[in-house]
Structures are given as structure tokens and as C-alpha cells.
Amino acid sequence: MEVRARAPGKIILAGEHAVVHGSAAVAAAIDLYTTSSLRLLPAGEDGGAGAVELDLRDSGLTFSWPCSRVRAALGEVGGKAGAPTPCSPDELAAVAKLLEGQEIPEAKIWLSAGLSAFLFLYTSILGCRPGKAVVTSDLPIGAGLGSSAAFCVSMSGALLTAAGAVGVAGGSGDEEWELFGKDDLELVNQWAFQGEKIIHGKPSGIDNSVSTFGSMIKFKKGELTNLKSRNPVKMLITDTRVGRNTKALLAGVSERASRHPDAMASVFNAVNSISEELSSVVELAAEDEIAITTREDKLAELMEMNQGLLQCMGVSHSSIETVLRTTLKYSLVSKLTGAGGGGCVLTLTPTLSAHTVLEKVATELESHGFRCFKVEVGGRGLQVCRA
Ligand SMILES: Nc1ncnc2c1ncn2[C@@H]1O[C@H](COP(=O)(O)OP(=O)(O)O)[C@@H](O)[C@H]1O
Ligand SMILES: C[C@@](O)(CCOP(=O)(O)O)CC(=O)O
Ligand SMILES: [Mg+2]
């Protein structure tokens, strides 16, 4: 049997980084997915124990670990599917050893964090059983749209389904994909968080939560509130194509916070107020043009304020500033999304803005070498399909 699980990426409308330090943040799922397919394999044909295989389709790379080697490195692991536990320093060291023999091209060395998360999740949930996972993704990787969380959520969903630890609860309205029940989603989310910790260092948990549960959420100190956005929030996304690494950016903000604890506490507090206000504005129902414009003006102003505070944290970048300046020429407000330092920028596209303006701004942004695309905001979280 093959299990396929897909999990969405996300945008953060307000509160990135500050959320790691206890502030509220607002995030929404987007309609770009990472899909993990998993097939358990019989033991090796030669009477051997078989292998754990990972095929990263988009990068054209495949990895294979003989089960005997996995067992020698990690001992008798597995059987923990129902009780997520963090990756201990010893386990992380053993996983790092398993990566040593693999040929990871220098230009893609950033994949090693994802490979470590995969090995940890696979062996914790399924033990040393042979199997093959194939991963594909619509998301740009390392660009602020939560590819790391979508990878961990889709992989945890597929592994837990194969282990029989979670089961499908019903249809999603889409013939191909089915949904999990709330408790099962909770279990997937907890495992995905353990994987995200390997990739991010100290994640807040917002990315894996929104990827698992979908929709638009307010998230504060691990508590999730579903936001009912009665009017659509429309965003243009610009990928600056400047690569960056969430773990390093998180560490940079934490170092700044330890150098300037009082000032940074005020910054995080201001972000908290922005996220709280933004989450109530999102829920406002706007029925006429004046109400729609008022709501969008408030959202824009809050995003602009949040961007200023992200600059204070030291996570903006000259490419992000170019996007801000370019969109401002067309009276459109933007802010970075995710960890910053490059990656993606959100531009609020007001309901009443002319189509021609949006085309012009996208053309100008693309003339800088950036890539623009539109996404649907606030859709489904994790979905599964068994073939
Ligand atoms: N499809 C994937 N295959 C393998 N690793 C992945 C995949 N998607 C994400 N990752 C891992 O997550 C890392 C990117 O995560 P991160 O720096 O948090 O950026 P973001 O989550 O914004 O895309 C990659 O360097 C890689 O280790
Ligand atoms: C910066 C942060 O708030 C979001 C990181 O998102 P991304 O990995 O850049 O997509 C970190 C976190 O909340 O774990
Ligand atoms: Mg990430």
C-alpha cells in the first residue's frame, strides 16, 4: 500500500520572530503543498534487512540507508508513534553519522537538516523497517513560506498512517484527498514539531500548526485560535530569490535580544499588539465598499508597522527593501514573511485595486529578477490519500 500525505506552506501576516519570544502571530495556509508518499517494502530480496530510502524528486537526489546500518547507529528505535519525543543529542549525533556516507552536493548542503529530520521521524515512528519515501513540493525551499514545516507535517502524516497510528476521518470534498480527525492531527502536529526543531533550532510551532490544521490562525505560546476571515485576504507574493536559513536568522534575533533585553522586549510587545489587532481586523465582516476599504487600510497599516519592527530585529535585507520601495510607488504596502533575510515578501492587494496596477507592479518587481505569484490564503491543512 502507498500512502500519500500533502501539507500546505504558509504566510505569516504578522508576528514572525516575536512569536518565538512569546508574542502573538497570525498565519494562514496557502495553496502550495509538499507531498510525501510512502511505501513500506519487504525485507531485502537477498535475505538482507532492506533499506530506508528517500527520493527528493525536485532536486533529483536519492538517499538510501541499509536497515542494518540504521540499527547499528540508532539501536532498537521505533514503537513511539503514539508518544512524540524530542530528538536527544545522542540521537542527533547518530543521525549525523548516518548522513556522513551520503553524497550531498555542496550547493545543496542545506538539505542535510531536512535529511536529519526525515531520519529521526522515520526511525522514531516506524523503527528500522524498510521503506521508500518520495517527496515533491510546490514551495520554494528556504524562502519563508514554511517548506520545512510542510515537509515535516506531510512526512509525519504519511509515516503515522503507515504505522496505523492515525486513520482517515472523512472526505475533504476533493475526491482524491481525505482528512484526519482532530486528535490524529494533534499527534501529527506534535511529531512535525519535533522535526521542525531539528531544522529551525528553536521554532515557535506556528508553521507546523498552520500546515497541519490549515485555515488562518492566531498563535501565541503554543495556543492556537482559529480566525474566521469573512472577507478574503488577497496577497501577492514576491520571492526575492535571496537564499537564507531560518535557524541562523532565529539565532541572530535571540542574540540581539540578549544584547538589548529591554529594547527588544518592547519590540516584541509592540508586535504582540499588532498581531492581536490584526487578528480582530481579519474577522471583521465588511459588506460595502467603504467597509472593505477601511478594513484593508487597517491591515495595510498594521503590516507596515510590523515590517518596521522586523527591521529593528535585524531581519530585513536590501532585496526586501527593494520590494517595499517598488510596491510603495503603486501605493501598495508590503512586509517580509517568515524569517526574512531575503526570501519572500507579502504585498496586500486591495479588493478594489485595478488589475492593471497589479500587473504593472509585478512586471517591475520581476525586472529586478524577483518572482511574483498569487496564492489562495486560508485553505486546508494536512490531507491524505491511500492508493
Ligand atoms: N522538500 C524538501 N526536501 C528536503 N528538505 C526540505 C524540503 N523542504 C524543506 N526542507 C528542509 O527545510 C529547510 C528550509 O527550511 P527553512 O530554512 O526553515 O525555510 P522555509 O521553511 O521558510 O522554507 C531546507 O534547507 C531543508 O533542510
Ligand atoms: C521566524 C519564524 O517565526 C517563522 C519562520 O518561518 P520560515 O521557516 O522562514 O518559513 C520562526 C518560528 O516561528 O518558528
Ligand atoms: Mg521553516
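Computed from a predicted model, the values in this text were never measured in an experiment. All ligand and atom numbering here is 1-based and tracks the order in the structure.
- From the protein, the heavy atom lying nearest to atom 16 (P) of ligand 1 is Thr246 OG1, 3.2 Å.
- Listed by atom number, the atoms of ligand 2 under 4.0 Å from Val19 heavy atoms are 3 (O), 13 (O).
- In terms of protein heavy atoms, atom 9 (C) of ligand 1 is closest to Ser147 OG, 3.1 Å.
- Electrostatic pairing of Arg4 and Glu178 does not count as a salt bridge here, judged by no charged N lying under 4.0 Å from a carboxylate O.
- Between Ser147 and ligand 2, a contact under 3.5 Å exists for no N or O pair.
- The closest approach between a heavy atom of Arg244 and any atom of ligand 2 is below 4.0 Å.
- Note on ligand 1: Gly146 sits in its first shell, one or more heavy atoms being nearer than 4.0 Å.
- Proximity to Leu145 (heavy-atom distance under 4.0 Å) selects the following atoms of ligand 1: 22 (O).
- When the heavy atoms of Ile12, Ile199, Leu249 are ranked by distance to atom 13 (C) of ligand 1, first place goes to Ile199.
- A salt bridge does not link Lys360 to Glu364: none of the charged side-chain nitrogens sits closer than 4.0 Å to a carboxylate oxygen.
- Ionic pairing of Lys374 and Glu359 is not present here: no N-O contact between side-chain nitrogen and carboxylate oxygen is shorter than 4.0 angstrom.
- Annotation for ligand 1: atoms under 4.0 Å from non-hydrogen atoms of Val135 are 1 (N).
- Taking a cut-off of under 4.0 Å to the non-hydrogen atoms of Glu16, the atoms of ligand 2 that pass are 3 (O).
- By the 3.5 Å distance cut-off applied to N or O atoms, His200 is counted among the residues near ligand 2.
- In terms of protein heavy-atom proximity, atom 4 (C) of ligand 1 is closest to Leu111 CD2, 3.5 Å.
- For the pair Lys202 and ligand 2, the shortest N or O to N or O distance does not fall below 3.5 Å.
- Here the protein heavy atom with the shortest distance to atom 11 (C) of ligand 2 is Leu250 CD2, 3.7 Å.
- Less than 4.0 angstrom separates some heavy atom of Gly144 from each of these atoms of ligand 1: 22 (O).
- Heavy-atom neighbours of Lys298 NZ from other residues, nucleotides or ligands within 6.0 Å: at or below the threshold of 12.
- Looking at atom 7 (C) of ligand 1, its nearest protein heavy atom turns out to be Ile141 CD1, 3.7 Å.
- Remark: among candidates Ser204, Gly205, Gly146, the nearest residue to atom 14 (O) of ligand 2 is Ser204, based on non-hydrogen atoms.
- Checked by distance only, ligand 1 and Leu56 stay at 3.5 Å or farther apart across all their nitrogen or oxygen atoms.
- Ion pair Asp55/Arg57 flagged as a salt bridge, since at least one NZ, NE, NH1 or NH2 atom sits closer than 4.0 Å to an Asp/Glu carboxylate oxygen.
- Remark: ligand 2 atoms within the under-4.0 Å shell around heavy atoms of Thr246 are 5 (C), 7 (P), 8 (O), 9 (O).
- Of all the atoms in ligand 2, the ones that sit under 4.0 Å from a non-hydrogen atom of Val20 are 11 (C), 12 (C), 13 (O).
- Heavy atoms of Glu196 come nearer than 4.0 angstrom to ligand 2 in no pair at all.
- Contact atoms of ligand 1 toward Arg244: 17 (O), 19 (O), 22 (O) (distance under 4.0 Å to a heavy atom of the residue).
- Every atom of ligand 1 is numbered from 1 in the order shown, and the set under 4.0 Å from a heavy atom of Ala113 is 27 (O).
- Ranking protein heavy atoms by distance to atom 3 (O) of ligand 2, first place goes to His17 N, 3.0 Å.
- Among the atoms of Ser148, an N, O or S atom is found under 2.8 Å from the Mg ion (ligand 3).
- Atoms of ligand 2 lying under 4.0 Å from at least one heavy atom of Pro203, given by number and element, are 14 (O).
- Nearest protein neighbour of atom 4 (C) of ligand 2, counting heavy atoms only, is Ile12 CD1, 3.8 Å.
- Close approach of ligand 2 to Gly338 (heavy-atom distance below 4.0 Å) involves ligand atoms 6 (O), 9 (O).
- Using a 4.0 Å cut-off between charged nitrogen and carboxylate oxygen, Glu76 and Arg71 count as a salt-bridge pair.
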**Request:** Start with the C-alpha gap between Asn272 and Lys220, add the side-chain angles, then the distance that decides, and say whether side chain to side chain donor-acceptor pair (under 3.5 Å) holds.
**Result:** CA-CA 9 Å; Asn272 182 63; Lys220 183 171 178 168; 3.3 Å; yes
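- Per-residue contacts place His200 under 4.0 angstrom from the following atoms of ligand 1 (heavy atoms of the residue considered): 18 (O).
- Taking the charged nitrogens against the carboxylate oxygens, Glu223 and Lys218 have no contact shorter than 4.0 Å, which rules out a salt bridge.
- For atom 10 (O) of ligand 2, the nearest non-hydrogen atom of the protein is Lys10 NZ, 2.7 Å.
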